Amino acid sequence: MAHLKGLILSGGRGTRLRPITHTSAKQLVPVANQPVLFYGIRSMVQAGITEIGIILNPETGGEIREVAGDGSQFGAQITYIDQTSPDGLAHAVLTAEPFLGESSFVMYLGDNLLQGGISELVQQFEQHAPDAMILLQPVEDPTAYGVAELQDGRVTRLVEKPQEPKSDLALVGVYLFTKRILQAAKAIDPSPRGELEITDAIQWQVDQGDRVEPHVVHGWWKDTGKLADMLEANRLILETIERRVDGQVDEASNVEGRVIIEAGAQIVRSVVRGPVVIGHDAVITDSYVGPYSAIARDAVVERSEVEHSILLERAKLIGLEGRIESSLLGRDVIVRRGERTPRAYRFMVGDNSEIEIL
């Protein structure tokens with residue numbers, strides 16, 4: 001099989017993560033202080049794929065270009081591809097045809113995370129040489145996903161978001177294709193919602209007798225399109241970190257467990273209990289930072305408690321008696337104590353906001 005290319009889809013508008021995504025691409029919301037998009041890029045590079053195309057939309061494309069750059073920081077070469085309208089995943093594939101050429105490729109949804117990467121999958125694809133390989137995982141609510149039906153280990157039918165699913169096997173946001181998928185995408189009609197569905201294109205291949213190989217994923221997979229999934233992905237990634245303390249921790253502080261404290265960060269009279277990551281130049285003072293928290297660079301936590309939460313750059317928690325839990329705070333958000341303070345808080349707050357608790 002010829003050298004594989006990579007195609008990452010980062011054109012979605014992230015409506016389920018608003019208000020965070022009113023001002024930032026959903027693929028750039030951080031998990032363990034790294035943009036979700038970076039995990040997909042690194043997975044491809046680890047699998048030996050260094051020619052990567054990234055599909056963009058006009059609203060967030062500039063930000064993604066700026067953050068990901070030319071790909072050299074990952075050891076890759078990135079080509080940016082503009083998709084002027086969100087007309088479906090199969091339409092995105094057609095938009096990328098000049099980049100893909102004759103190559104087989106891995107397609108990766110930019111807001112997805114897959115445990116263990118894709119190296120083994122790429123090896124299987126190259127060894128077995130099917131016309132397509134789809135990744136599947138059992139889910140509790142198949143109506144929210146593209147669903148595959150299997151018979152004797154073979155793919156027989158794919159349905160996008162079925163109202164009455166006949167299978168619980170959802171399509172994971174990673175696909176491996178030969179150039180045959182381009183012919184399939186050109187052969188199908190838009191779905192009732194006006195999009196060229198990748199499930200319809202793969203179904204066309206099945207109907208044509210192409211060999212579509214299923215692979216059931218046994219590790220975790222996360223679509224980070226919603227707050228709960230973002231926090232769970234953050235937890236899963238933090239479970240894998242190893243302790244590293246490059247910042248300053250004073251003698252009155254206690255740092256426990258697997259914790260990453262980046263250079264320039266300061267921990268003052270505080271307790272930090274891992275797994276936790278604290279970014280460059282963040283300042284934690286007279287506070288408690290509990291497990292599964294990711295505190296981004298230049299954030300401030302002062303006289304407050306936070307656990308199982310994500311704080312983006314320059315977010316501030318000041319003087320809160322109750323503990324912040326299961327929350328996502330955008331860039332430059334300020335949450336401070338007012339005259340009256342309830343015992344617990346739970347927020348999803350957009351960028352450049354300020355909240356005063358009364």
Side-chain angles (χ1 to χ4, degrees), residues 1-12 27 37-38 40-58 61 64-65 68-110 112 117-135 171-190 195-213 215:
M1 182 174 290
H3 179 69
L4 268 68
K5 293 183 177 180
L7 184 65
I8 298 179
L9 275 56
S10 294
Q27 297 84 8
L37 175 65
F38 286 13
I41 296 174
R42 290 193 176 106
S43 289
M44 288 193 173
V45 173
Q46 289 169 2
I49 299 170
T50 56
E51 291 183 72
I52 300 173
I54 298 182
I55 298 283
L56 305 174
N57 74 46
I64 291 175
R65 288 175 189 263
D70 63 2
S72 57
Q73 61 179 307
F74 310 102
Q77 179 181 349
I78 293 178
T79 299
Y80 293 102
I81 304 159
D82 293 316
Q83 185 184 21
T84 55
S85 58
D87 294 330
L89 301 188
H91 178 264
V93 171
L94 292 177
T95 303
E97 184 174 7
F99 164 75
L100 296 170
E102 298 291 309
S103 298
S104 297
F105 63 99
V106 178
M107 187 171 84
Y108 199 118
L109 302 192
N112 278 222
I118 61 172
S119 297
E120 182 181 346
L121 301 167
V122 167
Q123 291 175 5
Q124 291 182 13
F125 184 67
E126 291 176 333
Q127 291 172 0
H128 299 171
D131 296 294
M133 177 184 287
I134 59 174
L135 275 62
L171 277 84
V172 173
V174 180
Y175 310 78
L176 297 95
F177 293 123
T178 67
K179 65 178 182 179
R180 175 74 162 163
I181 191 66
L182 294 167
Q183 184 178 353
K186 293 172 182 177
I188 61 174
D189 295 320
E195 297 186 2
L196 291 178
E197 309 285 1
I198 198 67
T199 46
D200 291 343
I202 301 170
Q203 183 66 53
W204 183 90
Q205 289 192 265
V206 172
D207 294 340
Q208 294 294 313
D210 290 359
R211 186 156 61 91
V212 177
E213 187 171 300
H215 179 93

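These numbers were taken from a predicted model, which means no experiment stands behind them.
- With a 4.5 Å cut-off on side-chain heavy atoms, Tyr175 and Ile181 do not count as touching.
- Across every non-hydrogen atom of Ile188 and Glu197, the tightest pair is CD1-O, 3.5 Å.
- In this structure, CD in Glu51 is found 12.0 Å from CD1 in Ile78, a value given to the nearest 0.5 Å.
- Closest heavy-atom contact between Ala184 and Gln205: CB-CG, 3.9 Å.
- Here the CG atom belonging to Leu176 is positioned 10.0 Å from the CD atom belonging to Glu213, to the nearest 0.5 angstrom.
- By the 4.5 Å heavy-atom criterion applied to side chains, Asp131 and Gln208 are not counted as neighbours.
- Proximity of a side-chain donor or acceptor of Arg211 to a complementary backbone N or O of His128 within less than 3.5 Å is detected.
- Between Glu102 atom CD and Thr178 atom OG1 the span is 10.5 Å, to the nearest 0.5 Å.
- Going from atom CD of Gln123 over to atom CD1 of Ile118 covers 11.0 Å, rounded to the nearest 0.5 Å.
- Tyr80 approaches Gly69 most closely through the heavy-atom pair OH-O, 2.5 Å.
- Between Leu100 and Lys179 the shortest side-chain heavy-atom distance does not fall below 4.5 Å.
- In this structure, Ile55 and Ala92 approach most closely via the heavy-atom pair CD1-O, 3.6 Å.
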Using the rule given for side-chain contact (heavy atoms from CB on, under 4.5 Å), can you reason through Trp204 versus Arg180, listing the C-alpha separation, both sets of side-chain angles and the distance that settles it, and then say yes or no?
CA-CA 11 Å; Trp204 183 90; Arg180 175 74 162 163; 3.7 Å; yes

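- Contact check for Ile81 versus Leu7: side-chain heavy atoms found under the 4.5 Å cut-off.
- The shortest side-chain heavy-atom distance between Leu109 and Leu89 falls under the 4.5 Å cut-off.
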Hey, mind stepping through Leu9 and Gln83 against side-chain contact (heavy atoms from CB on, under 4.5 Å) and telling me if it holds?
CA-CA 10 Å; Leu9 275 56; Gln83 185 184 21; over 6 Å; no

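- Taking 4.5 Å as the limit, every side-chain heavy atom of Phe74 sits out of range of all side-chain heavy atoms of Met44.
- How far NE2 of His3 is from OG of Ser104: 11.0 Å, rounded to the nearest 0.5 Å.
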Between Ile54 and Ile41, does the side-chain contact (heavy atoms from CB on, under 4.5 Å) criterion hold? Intermediate values first, please.
CA-CA 10 Å; Ile54 298 182; Ile41 296 174; 4.2 Å; yes

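- Proximity of Ile8 to Ile52: side-chain heavy atoms (C-beta onward) are separated by under 4.5 Å at one or more points.
- The main-chain N or O of Gly173 is found under 3.5 Å from a side-chain atom of Asn112 such that the two form a donor-acceptor pair.
- Considering CG of Leu121 and NE2 of His215, their distance stands at 4.5 Å, rounded to 0.5 Å.
- Between Leu182 and Phe177 the shortest side-chain heavy-atom distance does not fall below 4.5 Å.
- Residues Gln73 and Ala68 come closest through the heavy atom pair NE2-O, 3.1 Å.
- Minimum heavy-atom separation, Ala201 to Ala90: CB-CB, 4.4 Å.
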